[in-house]
There are 2 protein chains.
Amino acid sequence: MQTESVYRRLRERIVTGGYAPGERLTELSVSAVLEVSRTPVREALRRLEGDGLVRSAGRGVIVAALSGEALAHAYAVRASLEALTAETAAARQRAGRIAPADLADLTRDNTLLAEVTQAGDYDQAMLLNRRFHRRVAELAANPIALEMLDRLWDQIVVSTRASLTPPQRPDAVVAEHRLLVCAIADGEAELAGRIAAGHARATALAAEAGVPDDSGANSGATVKKGP
Amino acid sequence: MQTESVYRRLRERIVTGGYAPGERLTELSVSAVLEVSRTPVREALRRLEGDGLVRSAGRGVIVAALSGEALAHAYAVRASLEALTAETAAARQRAGRIAPADLADLTRDNTLLAEVTQAGDYDQAMLLNRRFHRRVAELAANPIALEMLDRLWDQIVVSTRASLTPPQRPDAVVAEHRLLVCAIADGEAELAGRIAAGHARATALAAEAGVPDDSGANSGATVKKGP
DNA sequence: ACAGCATACATTGCATACAAAGCATCCCTC
DNA sequence: GAGGGATGCTTTGTATGCAATGTATGCTGT
């Protein structure tokens, strides 16, 4: 299925920053590069549009970037949803429905995260961080919440790299993760929810501080072409 | 743009129950009925798939229905997101950023809702109820949360009709709405969030009680064709 | 009569052709 | 020299044709 392949390749490249926000994608150019006809490209672009990763802008689509304001909104939603999943995960743990191995995975991911941030490998840290949070969400066993968080993370994941750059923030992230794991392991639902929400909010602040300066001014309209 | 038209018409019909859950839609049949070619139909179906309103099932797509379990998950997410929007709306009210007219609209919608439920017009009540909740979400001025709630409501709206059928439930709904409006009007953020979440949870229970019985067993696989 | 295989049909996936629409550019006129 | 209009090109929207695939049905053999 070529549509699927095109979709995945474009999506991968967008969420990793391979396409600059505001960059224009035309059906023809994409189909030429990926060597398929326009039909599967069209469908892939439509799906990406549904995901909020590109948006139609007159002629064709441009890759979307969340403005500073929109990013804040996204983090607010993330805080809310991750509070839910953390809470649910803790409740499930209390009910004995969480396998100990899953909890161990969480701890292991966080330890790995500590190591790579120590080494200054922020790209790897970004990935591990996302994996950690996804694992927590999985423990809630709520497919709808999980899917929404997946979509949301696709949109904010670029900014999470920036959120690691302020000094001491990586250590704080690891510490907060550890707290979260403990709360879940103890089955403290409300506490876990609060920690998750607090962590997301702290990350939002760090992301805002971490990005050099263009916070919000550039909604993707100005990036056209090099001189 | 025919794609848009096809998408909207199919979506409208699905969320209002015009297509039975599990019913099969083929590109050809839809394109014949709506008198367009397969191309715009394809795109519309893909968008609906992204919305979770249909899902591909081997040959073509079938209109999706949330199982009882999935519905519970959806309501959990709804509770979380509506807590967020209610909380944010109240905070904005406290900051003086809400127009009094918007608050009045809320009250008016709720009064209307009381009237039509009194009259037993559940179809109208379903619509007004959704409008009320959407208005609250709009007051939060968070486009991302708003869009997620829109998508979520498309999936659960059918069940909200059932949630009104248990005796006394309509009165409780109106009363809970009134409480919510008061909390927002008073700028009581945390209280508003709690009321919204509690209301969503109560609605979930009522929906479960309101639907005759097939709760969960039928995930849409069995409805094929009449005898 | 039942099981297995082959064939025919329904349906999707992809490509290509065609039409329409928007935008930029260039020329002509004032 | 500047402004307006016409023309041409780029790009999307829609239709249709063709190939591939999976399913159902019917036939044949045991």
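Numbers restart at 1 for each chain; the letters A, B, ... are given by sequence-line order, proteins then strands.
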Sorted by chain and number, sequence neighbours left out, side chain to side chain contact (heavy atoms under 4.5 Å, CB included) with Ala72(B) holds for none
The side chain to side chain contact (heavy atoms under 4.5 Å, CB included) partners of Arg131(B) (sequence neighbours excluded) come to Asp109(B), Leu112(B), Leu128(B), Arg135(B)
So ring pair (Phe, Tyr, Trp, His ring centres under 6.0 Å) across residues 4-61 of chain A, not counting sequence neighbours, yields none
So the ring pair (Phe, Tyr, Trp, His ring centres under 6.0 Å) pairs with at least one residue in residues 134-159 of chain A (sequence neighbours excluded) are His133(A)-Trp153(A)
Per-nt protein contacts along nucleotides 6-16 of chain D (heavy atom under 4.0 Å; B base, S backbone sugar-phosphate only, - none) come out as -----SBBBBB
Residues at least two apart in sequence or cross-chain that pass side chain to side chain contact (heavy atoms under 4.5 Å, CB included) with Arg8(A), listed by chain then number, are Glu4(A)
